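Right, one structure below, let's go through it.
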Amino acid sequence: MRRPRLPLSFPRTSIRRQISAVVNGRPKFLEIFGEQYPTDSITNITPAIIAKLPLRLHTRPSHPLDTLRTLVESHYSDFAHLSSLSPLVSPFKNFDELSFPQDHPGRAATDSYYVNKDLMLRTHTSAHEVEVFRRGEDKWLLTADVYRRDEIDGSHYPIFHQMEGARIFSADASGMKEVEEDNERLRHRLGQANILIEDVPHISPSNPNQPTHDPLYSELVAQNLKLSLNSLMLTLFGGPGIGGATAAAPLRVRWIEAYFPFTSPSFEVEVFFRGKWLEILGSGVVRQATLDTANVPNKIGWAFGLGLERIAMILYSIPDIRLFWSTDERFLSQFTDKEITTFQPYSKYPSCFKDVSFWTPQNVTLHENDFCDVVRDVAGDLVEDVKKANDFVHPKTNRTSLCFRINYRSMDRSLSNEEANEIQLQVVSRLQEQFGVEIR
Ligand code: PHE
C-alpha cells in the first residue's frame, strides 16, 4: 500500500529519521526568479522543480485548477482573494511561526525542498497565515503552489496547489453575535439541502479548546467553521451530474478529529464520493499564538487548507496528477473557462518498466524521496510511478541493497524502448555520481 500524502499533522515514522545522502557537485548558487541564492549542505531543490516555479497553474484561464479556485472564491465572495505570493519562504515562517515543534518531521530535508538552510519552498499555504492576518484581513482565501518531496505515483506530485481560507472575529460579545448570525444563516441553507453530515463534538478532551479561549467562544467559532465548510462541500460536490447528491442519495460529509500544531480544536473533512471516503481538507480554530504574532490578539477565528488537485481529479475525472502539467492541446483544449466538465481520455500509451538494483555506500542511507527526485529530474513527466521492489541488508558485509522498479509512460505519445533505456542510463549514472551507489 502506498503511503497517502499526509497532512503536516502526522508524525511520520522511522524512514523520516534517516539521513539523506549528501549531494555531490552542487552549484554554489541557484538562480530562482532571476535572483542568485547561495547553496549549502541542506540544498536539495532540483532543476526540475526550479523550472516549474513560474508556471502558476492556478492562475491560467480555463485550467481546471484555475476554475476550481474561482469556484471556491465565488463561494466565499466577500472574502479577500490572494493568489500571487512567492513560494520562497523561511523555515521560520513555514514552521516556527505556526508553533511547529523543533523536531517535527515535516522540517526534514527528506520531506521538504530547501534552497539553503534559511530559505525553502512553502510546504503549505498556512505559511502565510501570520502575514495575511497582520495585514488586517479578517476573511481571506489564499491560493498557491506548495511543494513536498514525495514518492512517485498517479496521485502524488512534488508540486501541488492548496487554498487556505480563514475568518476571524472580535473575541467579545459583538464578535460572537456576528458568529451566531452567520451560523443561523448557514444552518438555514444547509437545512434545505440534501446533505448528510456525520459530526464529532466541537470540543472534546482529545480535541480541546485553547486554555486562553472562553470555551463558549471556541464552541461557536468551531461551529461556524463546520457550517461554513459543509456549505462549501455542498457547492463543490452537491451539484447534480457531478456524481454527488441525488434525490435518492444525499451528499455525505464526515468530520474527524485531527491534530495540527497551529489549530485547536482541529478537524479533517471527508466526502463520500463514488463509493469511497475522500479526505478533502484540514481545519481548526486558529492558535492564539498565531494571532498574537500577527498583532491581532483580540480576535478569535478559524482556518482551513484544502488541496486542489485531489478535488479537481474527482470533479473532472482526471486519472493522473501529471495531466495538470500537460501542455498537450488534447488536454488543454478540453476545458472551458469556469466550467467543470468530464475529462475525455485521449489515449493510454504503453508502460515501459525498468528495474535498477544497487548497493548503497557504507554509512549512506538513500531515502526513497532522494531516489524519486533523481528520477523526476532526469525523466520529468515521463515517469508514472516508482516502487521499491526490494530492500535488504547483506548479513556479512552489512551493506544495503535496494531495487526500484520505474514505470515510464508518456501521457501524450508512445515511448520507445530505446528512449526509456536512454533515460534509465542517465538515472543510473546520476545515482552513481550523486550517491556513490554500486550497481548490481
Ligand atoms: N496546512 C495544513 C496541511 O497542509 C492544513 C490546515 C490548514 C490545517 C489550516 C488547519 C488549518 O495539511
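For clarity, every value in this text was computed on a predicted model and none was experimentally measured. Just follow the structure's listing: the first ligand is 1, and inside any ligand the first atom is 1.
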Students often mix this up, so state it plainly: with edges at 30° and 60°, are the rings of Phe343 and Phe335 parallel, tilted or perpendicular? parallel

Hey, would you say the Phe100 and His124 ring centroids sit under 6.0 Å apart? yes

I need the atoms of ligand 1 closer than 4.0 Å to a non-hydrogen atom of [X], numbered in the order shown.
X      : value
Ser126 : 1 (N), 7 (C), 9 (C)
Gly305 : 6 (C), 7 (C), 9 (C)
Thr263 : 10 (C), 11 (C)
Ser283 : 8 (C), 10 (C), 11 (C)

Tyr113 and side chain to side chain contact (heavy atoms under 4.5 Å, CB included): which single residue from Ile49, Ile50, Leu119 fits? Ile49

Check whether any N or O atom of Glu129, backbone or side chain, sits under 3.5 Å from an N or O atom of ligand 1, and answer yes or no. no

Would you say that more than 12 heavy atoms from the other residues, nucleotides or ligands in this model lie under 6.0 Å from the CZ of Arg405, or not? no

Compute the minimum heavy-atom distance from Phe262 to ligand 1 and say whether it is under 4.0 Å. yes

Are Lys177 and Glu180 ion-paired here, with the side-chain N under 4.0 Å from a carboxylate O? no

Answer yes when Asp150 and Arg148 have at least one side-chain N-carboxylate O distance shorter than 4.0 Å, and no when they do not. no

Given Glu164, Arg148, Met163, which has its nearest heavy atom closest to atom 4 (O) of ligand 1? Arg148

